[in-house]
Amino acid sequence: MIIIIDYGAGNLFSVQNALDYLGYESKISSDKDDVISADRLILPGVGAFGDAMDKLQKTGLIDLIKSEAVKKPFLGICLGMQMLFEKSYEFGEYEGLGLIPGEVKLMEPEGNLVIPQMGWNSLEYNHQSALLKDIDNGAYVYFVHSYAAECPDEFVSAYANYGGKVTALVNKGTVYGAQFHPEKSGEIGLQMLKNFAEL
Amino acid sequence: MLAKRIIPCLDVRNGKVVKGVNFEGIRDVGDPVKYAEEYNRQGADEIVFYDITASAEGRGLMLDVVRETAKRVFVPLCVGGGIGSINDFRETLRAGADKVSVNSQALTNPDLISEAAKIFGSQCVVVGIDAKRDGNGGYTVYRNGGRIDMKMELGKWVKEIEERGAGEICLNSMDADGTRAGFDIEMLDYVCGKVNIPVIASGGAGKLKHFSDALIQTNCSAVLAASLFHFKELTIEQVKDDCRKNGISVR
């Protein structure tokens, strides 16, 4: 069972719809026992970092997430991916889950590019990742974000290019994070979710 | 590199697909979910549902369409038409839309843009605009499907939209709409020069070349068409192939 962690963030159903479509059982939950018994966890998220961490704090799940995330496959999506890092500077300074070293900062793309990055961008492979199985280098995925993670290169599975390198897919042990939305990235995104569900 | 987006739009009334020509003479055609699936198969980068129903019942049917589509199509979905309140935004997003497009109501109540952006995030707030040449070298904005002249200058309106936190503008040129003579390059260029948020070109697509023309000659981020795709005169694949041939980056 894949547990999609519910902390009041939007977009939970899109992730569940995609998993349903692929035929994987999932449940949206903020229940401790569910998180413990899950064989995989997904942390979705849209909105602002500080607000999302506050909401997550209120579920009382933070310590449990930190301990479970290193025991079983854990996927953070978009803001959920940013929350994997140590710190974010979105509207202030906030502590993240600290599962992967790095910080989240406002993007400063070179050239005449707008913020947020919104739309389909191609992945540039950096390091092997199980999530990229059967996906070609250069595959397009759907991004919507203004902030991006800056983290050691060794944890970056793929970058995207948006007026400079943008951290797109990260991995450290059992912890995975996608800055883009696999649940909105067509066939490529579905393949990636399948790869996660088959880990 | 960020790809330029090719977006099919489906006009929906009472849960069924329709297509208006110059906003009139609508004829009924079919199941929106089926069309969305087909567009997804063809490589649509996003799918827009435009609800032309005025009734509460029709709105409910639209939400059903969104719910069903979101279970089968995994690209961003945008829903517009008759959105007038924060609650409309909430219901539409909950049904599975990723973006909500607001037009007339944003003109009568611009706070709706700022509030929606604050509550749901700029990324899901799209402002649709119907605009037309004013006869004096400028452009003016209309509401209610082009029926009411707001006597508002287009450049002023798009700047306000951006300042209020909208994530995107969908610009429909009433001068080009229904002509099939191409997107309104002049008007598009004017708007792209005024704002820093993505602009979607709408209205006037009649053949393959029109898409690459708009994407090459202006700074727009996406091109939208309804009937061309709807009546299978062109597929999204054909448009994308042509874009690639012209050096435009597409998915």
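Numbers restart at 1 for each chain; the letters A, B, ... are given by sequence-line order, proteins then strands. Worth knowing before you read on, the calculation uses all heavy atoms, side chains too, and leaves out hydrogens, waters and symmetry mates. Note that the structure is predicted; figures quoted are calculated from it, not measured.
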J.: List in chain and number order the residues that pass side chain to side chain contact (heavy atoms under 4.5 Å, CB included) with Asp184(B), two or more places apart in sequence or in another chain; answer none if no residue qualifies.
T.: Arg133(B), Ser173(B), Asp175(B), Ala176(B), Glu186(B), Met187(B)
J.: With a 4.5 angstrom heavy-atom cut-off, is it the side chain or the backbone of Ala18(A) that approaches chain B, or both, or neither?
T.: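 Contact with chain B: backbone and side chain both.
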J.: Give each N or O donor-acceptor pair spanning chain B and chain A at a distance under 3.5 Å, with atom names and distance to 0.1 Å, or state none.
T.:
{"residue": "Met1(B)", "atom": "N", "partner": "Asn121(A)", "partner atom": "OD1", "Å": "2.9"}
{"residue": "Ala3(B)", "atom": "N", "partner": "Trp120(A)", "partner atom": "O", "Å": "2.8"}
{"residue": "Asp45(B)", "atom": "O", "partner": "Trp120(A)", "partner atom": "NE1", "Å": "2.8"}
{"residue": "Ala70(B)", "atom": "O", "partner": "Asn17(A)", "partner atom": "ND2", "Å": "3.2"}
{"residue": "Phe74(B)", "atom": "O", "partner": "Ser185(A)", "partner atom": "N", "Å": "3.4"}
{"residue": "Phe74(B)", "atom": "O", "partner": "Gly186(A)", "partner atom": "N", "Å": "2.8"}
{"residue": "Asp98(B)", "atom": "OD2", "partner": "Lys184(A)", "partner atom": "NZ", "Å": "2.8"}
{"residue": "Lys99(B)", "atom": "NZ", "partner": "Tyr142(A)", "partner atom": "OH", "Å": "3.3"}
{"residue": "Ser249(B)", "atom": "OG", "partner": "Tyr140(A)", "partner atom": "OH", "Å": "3.4"}

J.: Under the rule for side-chain hydrogen bond (donor to acceptor under 3.5 Å, both in side chains), what residues qualify as partners of Lys209(B), not counting sequence neighbours?
T.: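 side-chain hydrogen bond (donor to acceptor under 3.5 Å, both in side chains) check on Lys209(B) returns Asp213(B).
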J.: Ignoring hydrogens, what is the shortest heavy-atom contact between Val114(A) and Ile197(B)? Give both atom names and the distance.
T.: CG1-N, 4.4 Å
J.: Go through the structure and list residues passing side chain to side chain contact (heavy atoms under 4.5 Å, CB included) with Cys9(B), not counting sequence neighbours.
T.: Asp11(B), Val48(B), Tyr50(B), Leu224(B), Ala226(B)
J.: Would you say Met1(B) has more than 12 foreign heavy atoms packed within less than 6.0 Å of its CE?
T.: no
J.: Working to the nearest 0.5 angstrom, can you tell me the gap between Phe74(B) CZ and Leu22(A) CG?
T.: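 Reported to 0.5 Å precision, the distance equals 7.0 Å.
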J.: Tell me the closest heavy-atom pair linking Leu2(B) and Gly119(A), and the distance in Å.
T.: CD1-C, 3.8 Å
